[in-house]
Amino acid sequence: MTTRQHMHEEPFLQLIAPDGSPVDDVDVELSTEELRELLRLMVRARRLDRECMALQRQGELTVYPPFEGQEAAQVGSAFALGPDDFVFPSFRELAAAVTRGVDVIEYLQYHRGTWHGGAYDPVSSRFAPLCVPVATQIVHAVGWGFGAKLDGHAACALAYFGDGSTSEGDFHEGANLAAVFEAPVVLFCQNNGWAISVPLEEQVAAPIVRRAEGYGFPGVRVDGNDVLAVYRATREAADRARSGGGPTLIEAITYRIGPHSTADDPTRYRTGDEVEAWRGRDPIERFRRFLVGAGIASEDFATGCEAEAETWVAEVRAHVIAMLPPPEDDLFAFAFERPPSTLLREREGRSGG
Amino acid sequence: MTTRQHMHEEPFLQLIAPDGSPVDDVDVELSTEELRELLRLMVRARRLDRECMALQRQGELTVYPPFEGQEAAQVGSAFALGPDDFVFPSFRELAAAVTRGVDVIEYLQYHRGTWHGGAYDPVSSRFAPLCVPVATQIVHAVGWGFGAKLDGHAACALAYFGDGSTSEGDFHEGANLAAVFEAPVVLFCQNNGWAISVPLEEQVAAPIVRRAEGYGFPGVRVDGNDVLAVYRATREAADRARSGGGPTLIEAITYRIGPHSTADDPTRYRTGDEVEAWRGRDPIERFRRFLVGAGIASEDFATGCEAEAETWVAEVRAHVIAMLPPPEDDLFAFAFERPPSTLLREREGRSGG
Amino acid sequence: MAEHTMVGALNQALRDALAADPRTLVFGEDVGELGGVFRVTEGLQREFGRDRVFNTPVAEAGIAGMCVGLALAGWRPVAELQFDGFSYPALDQVISHIAKYRTRTRGRAPMPVVIRIPSFGGIRGKEHHGESPETYYVHTAGLKVVVPSSPLDAYRLLSLSIDDPDPVVFLEPKSRYWTKEEGELTAEGPGIGSARALRNGEGCTLVSYGAMVGRCLEAAEVLSGEGVECEVLDLRSLVPLDVDALGEAARRTGRAVVVHEAPRTLGMGAEIAARIMEEAFDSLEAPVARVTAPDVPYPPASLEQRYLPSVDAICAAVRRTVAY
Amino acid sequence: MAEHTMVGALNQALRDALAADPRTLVFGEDVGELGGVFRVTEGLQREFGRDRVFNTPVAEAGIAGMCVGLALAGWRPVAELQFDGFSYPALDQVISHIAKYRTRTRGRAPMPVVIRIPSFGGIRGKEHHGESPETYYVHTAGLKVVVPSSPLDAYRLLSLSIDDPDPVVFLEPKSRYWTKEEGELTAEGPGIGSARALRNGEGCTLVSYGAMVGRCLEAAEVLSGEGVECEVLDLRSLVPLDVDALGEAARRTGRAVVVHEAPRTLGMGAEIAARIMEEAFDSLEAPVARVTAPDVPYPPASLEQRYLPSVDAICAAVRRTVAY
Ligand SMILES: Cc1ncc(C[n+]2csc(CCOP(=O)(O)OP(=O)(O)O)c2C)c(N)n1
Ligand SMILES: Cc1ncc(C[n+]2csc(CCOP(=O)(O)OP(=O)(O)O)c2C)c(N)n1
Ligand SMILES: [Mg+2]
Ligand SMILES: [Mg+2]
């Protein structure tokens, strides 16, 4: 099966085996508190993801793209960033948003269909608006990173994108510009094996990580379901970027357990066995076992996380259901800071009648 | 100096040293006649290029982009193709067109300003119209190659493009599509060190040839001023493509001796020393010495080529000067096979008055 | 008589084209096993094989650019770009090559290419899923632009577009994909370049295309109740534009209202208003009115019905125009 | 009084903007040592350094996309796309992001971006060097589109565009780059959104922008000799469009002829005709006429003067309109 093939075609960084046992030096310089926080965040994120699926089925959200299975890739990478770093997400990075402390209610306005891009403040959140045209956000990240470099400001940009997105011209233009301008950027590819119904082997003919060398910067392949491996790889890439070392491409091998979106029927293009095989590599269960096994957290802590997530999600749910459509005038309120008179006229015409 | 750096950063295929002495097994399975033909073609091409510069200065051509210095890269690669193969040029490949036997007079209609793309028949010439938007022709070549593959037709497409063109998204989309569809395509990059005024090191941060591995096909770096090395590399790539081996990226290291075009002033961005250093690697002089040294051709043959080129170019010149603008109705004649009535009306209106 | 959805009709048109001409190819993102995100290519890969119907990587410029090379190699590409908002990365290949190639080669390399784009709004979609891209294509000399409004006509127009020797951008109104129509699927009937009157009336001419044709018919119904009989003209193709039908209608009713989803400025309404003025100035009793989206980006789901022309807005414009 | 070419005026506007605001950046293909293929950025890199003025790789989508990130980081990007025909690879970033970003972020992330594009025809250029891309930008909600017609106004409009808080696509008429005008370079005077009358007359209003303004003035001269006095209106910005000036002019003269280099269908003429009809229907004595390029791709050098609106064609259209 594609992703497995590719996954084993060449080595990748793994610190924790699927069964939760350490396979390598697992010291990533995180405190016990921080290690527990990683589990807490993954549990919260998954619980929220499942709630969003339910909310969509109940007609409370528009089409929703679930990330179940990709929690370690998103939480581990977002957790590795500093407060001044800036994230450029695609459309499936709710777990990264939770990790970065983005206002989840405002974020969900996007899926509620009350505001495109989400209603949170991207600048103070250090999290760009959701970006639907795949790979286009990569170039934005390069621009932001280069801008930070011109400011002599030690911060980096991290762009999330998927395996399918790497086929776009914008992936290439962004990667090459980052290399030429030595921009502080982390190009974080969540390779979940599929671009909607198109499997990796119909998308690329070589492991994505190999592209990095052609641009002249490092590429790292990591087990995307191992939160510590993801954290370490991202932490190293971000530190290098901030200290003038330029861009890094990270390919995190993971899997989308759910459908591409609530509008998708994955049984049309992939087998249940494939999904089951990947459930066996569940990132949360793996990390839970690791923490318990290493005596870093107790079973109670894990159950506690779930309870806490439950209450939190209940609040989120209540807020989402209470979200109202914006006033009609919001149609006109933001397109320009100095609107053309023709638009002002049209706006008045509407409010008039 | 950039190109030299990059040139020596890693090994490249060279069969003949700049002084004309063989550096490697020079048997490329070409007959004496064919070897001589390579020289004849390069001499012709250069003579024509210089004539075009003169014609432009005399107001007989519009802006002209000279290729002097790149004769071996173009002649060696075009000579390696079979009659059914299809060339997708950029805008500087007149030497390749001469080698392929494209009707030069019709080709020069492009530079005369009497027809965009040149007036030759691209299909029967197996030579696509001149293509100005850089890198866009690469994707056309992939489409043609894939079409030939679907036809079970043993032919390949060769796309010419420059070092600067490799920064475009279309380079990437074309390369990745070629890899995924295993299209019979040769991606031939003439790395002449400059994209107008932008030097290679402001264009890319790693040798272009390294990109190939990231796509999953072979990349070959060759001395672009060594016609036999270029011939061998292209011949191997084309044979592989035709026999189902998929695409190859060839990076031919060469240099543009003249300005980017007759509208350009290269003294603004590069040194005379750099140009002189490259004159010392002149592809024609190198090959002439090799042929004479190896007893494959005599000095007389070489002088004969020049004389023959002289007469040929005189004819071309006469034809070019005699070229008339097309009739006004040609504005309308080709946009559609079944034109909209509004356009027919406008067309009649014109012919009317 | 069989009932057809627009998706079913389009699927049948593709199937029939693949069967009729072995040079026809259907490709794009997710058109294979999945049958396209809207199921328009459902079952085609199974029926015609992976050489004739295939998935591509996520690369719109590449998809459009490959059409050029495939056409040069004698194929008839029918490519799908997944959504209006994702057709923009292909604009350079469409504008710089597909539209110009025939002229550039003095007719020696025609571009019998069809680019299908599920388009327009009204489906409560996410950002970039409700765009009306027609202006970009209509203004680009060398392209034809076709927009069906009903299932049976969708079959006819897609069949004719695939047969057409010139490049056609085929914009499918997503919001009408699941509407049903009874009748026979046939390519016979009005060709590309002929508008059709779906309702007759002397009071005012409503001009539209795609999903807004339905709203014009609803408005005409309402207005009829008020004693205003409207003619409803479905353009069907934006290039060629049926200026004769526009002029004739305007001469007959003296009043015209154009309706489209695209923003007002340089939307089709501008061209139609200008053409009607050129064709029928002396017969015009009132300025040609435009009922369109405002000049702002397409809004989120909860505002889209405030953004799109409503039946009320169409009726109001007709009343103003008739009372002018 | 100093004499200025348009290239010189634009160069000075960039220099003054770089000096006035340390957040201003100028970048694009060949804008560094070379000073741009038209020398508009001449000397700027030497004066302001490689951090403020820099070359980019040949990657137009990348250039436009970087503007988004740089604006988010608080910079004011002034990017050059080398030619009209090479601005198309950037269309997706311009349409999908630069135009929509302020709306998407509820005004929290404005896009004070200027994209300069040497545009339009008339320079005996190769293919893709004579395109009139304005329609693609004018129809895209969220952008402003500015087109100067003279050196002094080029200075004013570029300065105002760089100051503008909204994204501006700045289209420079290449064929006017070397024309000269005497006077002071100043940003004072009519702002973005105000058309200006360059000649007064009661017989007919000529509406244009960019290089065609000159031809309209020539035509007005010829027509004046025939006793027809034309008003010549230079739009200066296409978005915002000065509909008040258009309406007022049409009400005064009752006759209007629009002139542009772009092909007719959905060229600016369509919008201007529609707006004039909306604003001044009752005053119109004749249909608004359009003198434009035909709906075919831009031709080779030897045919371009047959393609572009000629002084004769403008005069003929005015005569027809006046005699209507
Ligand atoms: C430019 C563009 N083209 C097409 C689409 C439609 N689309 C949405 S998601 C998707 C697949 C993306 O796959 P990948 O990058 O692997 O991300 P994933 O969905 O797996 O997270 C496609 C084709 C899009 N959003 N943008
Ligand atoms: C898409 C596009 N952008 C910009 C240009 C303008 N332009 C013409 S040639 C050139 C440089 C190309 O450099 P390279 O690919 O190295 O080819 P070379 O000129 O050296 O042969 C540029 C930027 C173009 N032709 N097409
Ligand atoms: Mg994926
Ligand atoms: Mg070059």
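- Side chains of H260(C) and S208(C): a donor-acceptor N/O pair is absent below 3.5 angstrom, by distance only.
- Heavy atoms of T56(C) lying under 4.5 Å from chain B belong to its backbone as well as its side chain.
- Checking R240(B) against T248(B) by side-chain atom types alone, a donor-acceptor pair falls below 3.5 Å.
- Q190(B) and E93(B) are linked by a side-chain donor-acceptor pair at a separation below 3.5 angstrom, with hydrogens and angles left out of the test.
- Among H153(B), H116(B), E337(B), the residue with the largest count of heavy-atom pairs under 4.5 Å with chain C is E337(B).
- Your options are A335(B), G169(B), G145(B), G117(B), and the one with the most heavy-atom pairs under 4.5 Å with chain C is A335(B).
- For the 3.5 Å distance criterion, the side chains of Y215(B) and H172(B) qualify, holding a donor opposite an acceptor.
- Of the two parts of Y110(B), neither the backbone nor the side chain holds a non-hydrogen atom closer than 4.5 Å to a non-hydrogen atom of chain C.
- For the set F336(B), F181(B), F146(B), W144(B), the entry with the most heavy-atom pairs within less than 4.5 Å of chain C is F336(B).
- Enclosure of atom NE2 in H319(B) is not indicated, since only 12 or fewer non-hydrogen atoms of other residues, nucleotides or ligands lie within 6.0 angstrom.
- In this structure, E29(C) CD and L34(C) CG are separated by 12.0 Å, a value rounded to the nearest 0.5 Å.
- Counting heavy-atom pairs closer than 4.5 Å to chain B, the top residue among A141(C), S96(C), P57(C) is P57(C).
- Using a 4.5 Å cut-off between heavy atoms, D51(C) contacts chain B through both its backbone and its side chain.
- For the residue pair Q137(B)/D170(B), the side-chain donor-acceptor check at 3.5 Å is not satisfied.
- Both the backbone and the side chain of D151(B) come within less than 4.5 Å of a heavy atom of chain C.
- Only the side chain of D92(C) comes within contact range of chain B, with at least one heavy atom under 4.5 Å from a heavy atom of that chain.
- When heavy atoms are compared at a cutoff of 4.5 Å, A141(B) does not approach chain C at all.
- Tested against W115(B), the residues Y107(B), F334(B), Y120(B) include a single ring pair (Phe, Tyr, Trp, His ring centres under 6.0 Å) partner, F334(B).
- Neither the backbone nor the side chain of I192(C) comes within contact range of chain B; no heavy atoms are under 4.5 Å apart.
- Contacts of R52(C) with chain B are absent, with no heavy-atom separation under 4.5 Å from either backbone or side chain.
- Heavy atoms of T342(B) lying under 4.5 Å from chain C belong exclusively to its side chain.
- Counted within 6.0 Å of CD on E346(B), heavy atoms from surrounding residues, nucleotides or ligands total more than 12; the atom is thus considered enclosed.
- Within the 4.5 angstrom heavy-atom criterion, only backbone atoms of L130(B) (N, CA, C, O) approach chain C.
- Residue with the most contacts toward chain B among M66(C), K100(C), R104(C), R102(C): R102(C) (heavy-atom pairs, distance under 4.5 Å).
- Checked options F88(B), F188(B), F127(B); the residue passing with Y160(B) is F188(B) (criterion: ring pair (Phe, Tyr, Trp, His ring centres under 6.0 Å)).
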